[in-house]
Amino acid sequence: MNKKKKPFLGMPAPLGYVPGLGRGATGFTTRSDIGPARDANDPVDDRHAPPGKRTVGDQMKKNQTADDDDEDLNDTNYDEFNGYAGSLFSSGPYEKDDEEADAIYAALDKRMDERRKERREQREKEEIEKYRMERPKIQQQFSDLKRKLAEVTEEEWLSIPEVGDARNKRQRNPRYEKLTPVPDSFFAKHLQSGENHTSVDPRQTQFGGLNTPYPGGLNTPYPGGMTPGLMTPGTGELDMRKIGQARNTLMDMRLSQVSDSVSGQTVVDPKGYLTDLNSMIPTHGGDINDIKKARLLLKSVRETNPHHPPAWIASARLEEVTGKLQVARNLIMKGTEMCPKSEDVWLEAARLQPGDTAKAVVAQAVRHLPQSVRIYIRAAELETDIRAKKRVLRKALEHVPNSVRLWKAAVELEEPEDARIMLSRAVECCPTSVELWLALARLETYENARKVLNKARENIPTDRHIWITAAKLEEANGNTQMVEKIIDRAITSLRANGVEINREQWIQDAEECDKAGSVATCQAIMRAVIGIGIEEEDRKHTWMEDADSCVAHNALECARAIYAYALQVFPSKKSVWLRAAYFEKNHGTRESLEALLQRAVAHCPKAEVLWLMGAKSKWLAGDVPAARSILALAFQANPNSEEIWLAAVKLESENNEYERARRLLAKARSSAPTARVFMKSVKLEWVLGNIAAAQELCEEALKHYEDFPKLWMMKGQIEEQKELVEKAREAYNQGLKKCPHSIPLWLLLSRLEEKVGQLTRARAILEKSRLKNPKNADLWLESVRLEYRAGLKNIANTLMAKALQECPNSGILWSEAIFLEARPQRKTKSVDALKKCEHDPHVLLAVAKLFWSERKITKAREWFHRTVKIDSDLGDAWAFFYKFELQHGTEEQQEEVCVSGDQLQGRWQKVNDLEGEL
């Protein structure tokens with residue numbers, strides 16, 4: 001045995017030995033090399049492994065993470081500047097100094113990033129905009145086509161063919177399974193024979209059921225051999241004939257319930273019968289299972305705590321919602337037995353019960369709760385007769401004499417004399433009720449009402465309404481001198497009783513007095529409380545806000561009282577006098593305005609606007625001498641005031657007193673020479689036809705005021721009127737040298753050249769004006785219109801495009817651009833204009849005119865209204881609106897536009913400027 005034993009057995013393997021390598025047993029892998037095949041969710045062998053390591057998948061993730069954490073220190077991963085891709089010291093401990101170093105480096109990186117942030121964001125923004133311009137979205141490419149969809153009419157839309165159906169005939173018209181009802185006789189026949197058939201014999205369908213083949217031909221049944229009644233049904237469980245009879249009987253019973261039992265004639269209305277059936281459907285919207293759960297839960301609550309009133313109320317309301325009204329009534333009545341002292345349960349029972357039953361329930365509730373006010377009120381509501389209501393309420397007052405609600409309900413049913421007697425008793429039982437005291441005071445005579453209010457103040461010394469009612473009582477009886485004393489005494493008494501004077505509440509009470517017509521009371525309240533709780537430096541601002549608030553609430557007397565008090569405190573404040581004057585002008589009378597202005601000019605004689613308002617008020621009233629006297633007094637107070645001089649000139653010229661106006665202007669030129677005074681002088685002579693005098697005054701004015709553009713305009717227009725083109729051109733050119741930024745001067749010179757046929761020179765003038773006054777919409781508009789008037793529409797369109805690039809938010813340019821387009825493109829252009837200038841009146845006017853041209857009358861009127869609402873001074877809007885109403889409106893609509901004719905200013909004013917007017 002020892003000889004056969006191999007010598008290497010039991011010896012260690014030599015170094016570098018690989019089993020099977022000599023015989024070529026390499027290149028395959030066994031299960032022992034890769035481990036057992038397990039699913040990722042299989043548990044590991046360790047039964048006590050911590051969470052996160054209890055499955056094979058968790059272990060594999062852990063090993064993969066560990067492999068990822070190993071640093072790759074290969075030479076291919078090394079860079080001469082950056083080193084290795086990873087950190088050489090990532091495996092070392094992360095200490096506090098490492099954290100500080102990382103924070104410093106992060107701060108440095110953040111600082112460097114902020115230095116380049118603006119340039120980087122600007123570059124990214126430009127790149128994004130460039131990318132969007134080069135590659136627009138599909139939505140943007142089809143935006144113009146989407147806008148054109150608005151032009152598709154209803155007929156064109158309906159004429160679009162429907163999408164075809166590609167399915168075959170069998171798919172389009174599926175043959176559904178046909179079900180044929182089987183007669184009762186079929187079931188009765190087979191029940192008698194005791195046989196079961198699930199299908200019809202094809203031979204029966206073949207012969208129509210008339211010739212029944214005999215199987216085998218041996219058993220031939222003889223007709224009449226088997227008569228019905230001799231054989232009982234095989235099963236004996238179902239008789240269809242009896243079921244049909246029972247169904248008919250049930251229907252007869254249902255119909256007899258709604259029939260007339262007296263005459264025997266049916267009164268069933270088919271529609272009404274269906275309506276009754278619909279009313280029997282439960283009105284709840286919840287699931288039936290939810291209702292069952294709620295019913296079960298409420299039943300458990302009732303059984304657990306039967307003396308809990310909300311459980312009974314909730315159960316009854318659940319049954320009411322599901323349509324089971326009688327069950328709800330039974331439940332709530334059971335609740336009244338279990339909770340006889342619950343007011344809510346009795347009220348719910350009275351609500352669910354019908355009329356007479358509800359009265360009985362309430363009577364039973366009163367026996368259990370004789371002090372319940374709500375039950376007495378419910379009992380009175382159930383009564384339909386007034387006398388019965390009174391009887392119930394008086395019975396209630398016997399049991400609950402201190403209830404204000406019962407007293408109020410009882411008094412409302414009585415006549416005035418009986419009500420006064422009841423209120424006398426009511427204030428004895430409820431001495432702290434302000435409402436009862438005030439109601440009694442209203443029903444008493446003057447003397448008795450004063451006594452009642454005095455008693456009320458004794459019983460309730462902390463209520464302000466009693467004092468205010470006393471003041472209103474004195475005012476109503478003509479004793480106005482007592483009103484101020486009562487309000488002052490009220491403030492003093494309430495403070496003595498520890499009541500805080502709430503300024504806002506008192507102002508609200510004053511506004512209510514104003515609306516009720518108690519003017520003296522509201523003014524007295526305002527004077528008493530207006531200064532309470534306000535710092536001295538905030539008084540003026542706060543009082544003006546209070547006055548505006550009163551005007552907004554339509555409490556005009558309160559606002560007038562505030563202004564009067566403010567003027568007493570600030571008699572020399574021009575702004576307060578102006579606010580008060582404008583208030584009287586808008587909401588007062590002419591007499592009140594003039595009286596206020598007389599006081600105003602006495603305290604503020606240097607306020608020119610107050611003198612002018614007074615003179616204008618007299619002039620509008622037709623009292624010209626009084627207006628002259630006011631202006632004379634204004635001259636004494638303001639001897640060199642340009643505004644007063646010009647107002648006096650306007651007063652005389654408007655009344656055709658031209659000689660007086662000339663003398664006034666001559667005095668003004670000598671005592672208060674200004675550019676406007678000279679301009680008015682030139683204008684007056686020009687209007688009166690004294691061209692030579694006008695030219696002489698204009699030349700004299702230009703010697704002193706050569707930088708006043710209107711004088712140059714008037715000089716050029718006078719020369720143009722005399723058809724002296726060269727002198728007019730020279731005047732305009734001289735004016736432009738002195739006033740290069742005067743747009744009307746450039747326009748006048750351009751139109752002069754266009755008028756004489758020098759189109760090229762006019763174009764050059766406008767180009768030069770645009771260079772000196774860039775981004776001016778009026779100059780661009782004139783350039784476009786110049787080309788359009790010359791018939792050069794292409795050049796006009798080109799200029800308009802340049803103008804919109806330079807002035808993209810100019811509404812007047814967009815409005816002109818809309819009508820430069822062809823008719824089909826105008827709507828698209830108007831949409832673009834509204835995007836750029838949504839609230840510009842010129843664009844809104846252009847849209848209104850566009851709807852007008854398309855005969856869309858309602859929309860055009862709506863846009864006209866929007867235009868004049870945004871800018872009421874735009875004369876073009878009012879003119880076009882009036883023309884529109886003349887063509888398509890009624891007389892009332894035309895009158896409505898005419899009423900606002902005094903607002904025709906705006907663009908008309910600019911046109912007048914170009915013509916030499918003010």
Side-chain angles (χ1 to χ4, degrees), residues 582 586 709-710 713 742-748 750-751 773 775-786 788-789 796 800 803-804 806-821 826-827 829-890 892-918:
Y582 284 125
N586 295 327
K710 287 189 177 181
M713 288 186 230
S742 175
I743 305 303
L745 264 177
W746 288 106
L747 298 181
L748 284 171
S750 169
R751 290 174 185 174
N773 302 278
K775 296 185 179 180
N776 188 281
D778 290 328
L779 294 175
W780 278 108
L781 180 64
E782 184 65 22
S783 300
V784 172
R785 288 178 175 175
L786 175 67
Y788 193 81
R789 289 193 294 266
M800 180 58 73
L804 291 176
E806 189 168 336
C807 307
N809 297 319
S810 173
I812 194 169
L813 286 177
W814 278 107
S815 63
E816 188 74 15
I818 291 173
F819 289 97
L820 282 180
E821 297 288 340
R826 287 179 182 175
K827 187 173 291 185
K829 200 71 173 181
S830 66
V831 173
D832 297 335
L834 286 171
K835 288 181 180 178
K836 291 287 185 180
C837 314
E838 183 179 359
H839 301 293
D840 191 276
H842 298 283
V843 175
L844 298 181
L845 177 61
V847 174
K849 290 161 64 178
L850 184 61
F851 282 125
W852 184 9
S853 64
E854 295 176 356
R855 299 293 178 181
K856 296 180 180 179
I857 307 303
T858 305
K859 285 189 175 182
R861 183 176 287 111
E862 177 185 349
W863 282 84
F864 274 123
H865 276 294
R866 290 179 60 183
T867 305
V868 298
K869 185 177 181 181
I870 286 179
D871 187 1
S872 59
D873 291 335
L874 184 61
D876 286 6
W878 288 107
F880 279 111
F881 195 7
Y882 183 61
K883 184 178 179 182
F884 169 79
E885 294 295 354
L886 286 178
Q887 292 185 7
H888 305 286
T890 61
E892 292 79 6
Q893 292 169 333
Q894 295 170 12
E895 183 67 24
E896 181 182 354
V897 177
C898 284
V899 167
S900 304
D902 58 340
Q903 302 180 19
L904 291 175
Q905 303 170 12
R907 292 297 296 176
W908 296 122
Q909 187 71 32
K910 293 185 178 181
V911 172
N912 290 336
D913 286 343
L914 299 182
E915 299 299 329
E917 301 285 335
L918 279 178

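At distances below 3.5 Å, at least one donor-acceptor pair connects side-chain atoms of W814 with backbone N or O atoms of P808.
Partners of H839 by ring pair (Phe, Tyr, Trp, His ring centres under 6.0 Å), not counting sequence neighbours: none found. Every residue meeting the salt bridge (charged side-chain N to carboxylate O under 4.0 Å, His left out) condition with E854, not counting sequence neighbours, appears here in chain and number order: K856. In this view, R789 and E754, E782 satisfy the salt bridge (charged side-chain N to carboxylate O under 4.0 Å, His left out) rule, not counting sequence neighbours. Listed by chain and residue number, A777, C807, I812, L813 satisfy the side chain to side chain contact (heavy atoms under 4.5 Å, CB included) test with S810 (two or more places apart in sequence, or in another chain). Checked against side chain to side chain contact (heavy atoms under 4.5 Å, CB included), Q887 has the following partners two or more places apart in sequence or in another chain: W852, K883. With sequence neighbours left out, the side chain to side chain contact (heavy atoms under 4.5 Å, CB included) criterion links S750 to A762, I765, L766. In this view, E862 satisfies the salt bridge (charged side-chain N to carboxylate O under 4.0 Å, His left out) rule with no residue, not counting sequence neighbours. N809 is linked by a side-chain hydrogen bond (donor to acceptor under 3.5 Å, both in side chains) to nothing, counting only residues two or more places apart in sequence or in another chain. Residues that satisfy the salt bridge (charged side-chain N to carboxylate O under 4.0 Å, His left out) test with R826, not counting sequence neighbours, are absent from this structure. Listed by chain and number, the residues in a side chain to side chain contact (heavy atoms under 4.5 Å, CB included) with T890 are E892, Q893 (sequence neighbours excluded). Residues passing the side-chain hydrogen bond (donor to acceptor under 3.5 Å, both in side chains) test with W780 are E806, sequence neighbours excluded.
Between F884 and the choices F851, F864, W863, the ring pair (Phe, Tyr, Trp, His ring centres under 6.0 Å) rule is met once, by F864.
Put simply, the side chain of T867 does not reach to within 4.5 Å of the side chain of F880, judged on heavy atoms.
Distance CG/D876 to CG/L845: 6.5 Å, rounded to 0.5 Å. To the nearest 0.5 Å, the span separating NE2 on H888 from CG on L886 amounts to 10.0 Å. Expressed to the nearest 0.5 Å, how far CD1 of I743 lies from CG of N776 amounts to 4.0 Å. Here CG of D778 is found 6.5 Å from CG of L747. Values are rounded to the nearest 0.5 Å.
Heavy atoms only, all atoms of each residue included: S815 and H842 are closest at CB-O, 3.4 Å. Nearest heavy-atom pair, I870 versus P841, reported as atom, atom and distance to 0.1 Å: CG2-CD, 4.4 Å.
Residue-environment remark: CZ (F819) exceeds the threshold of 12 foreign heavy atoms within 6.0 Å.
Sorted by first and then second residue, the salt bridge (charged side-chain N to carboxylate O under 4.0 Å, His left out) pairs involving residues 830-844 (not counting sequence neighbours) are R147-D832.
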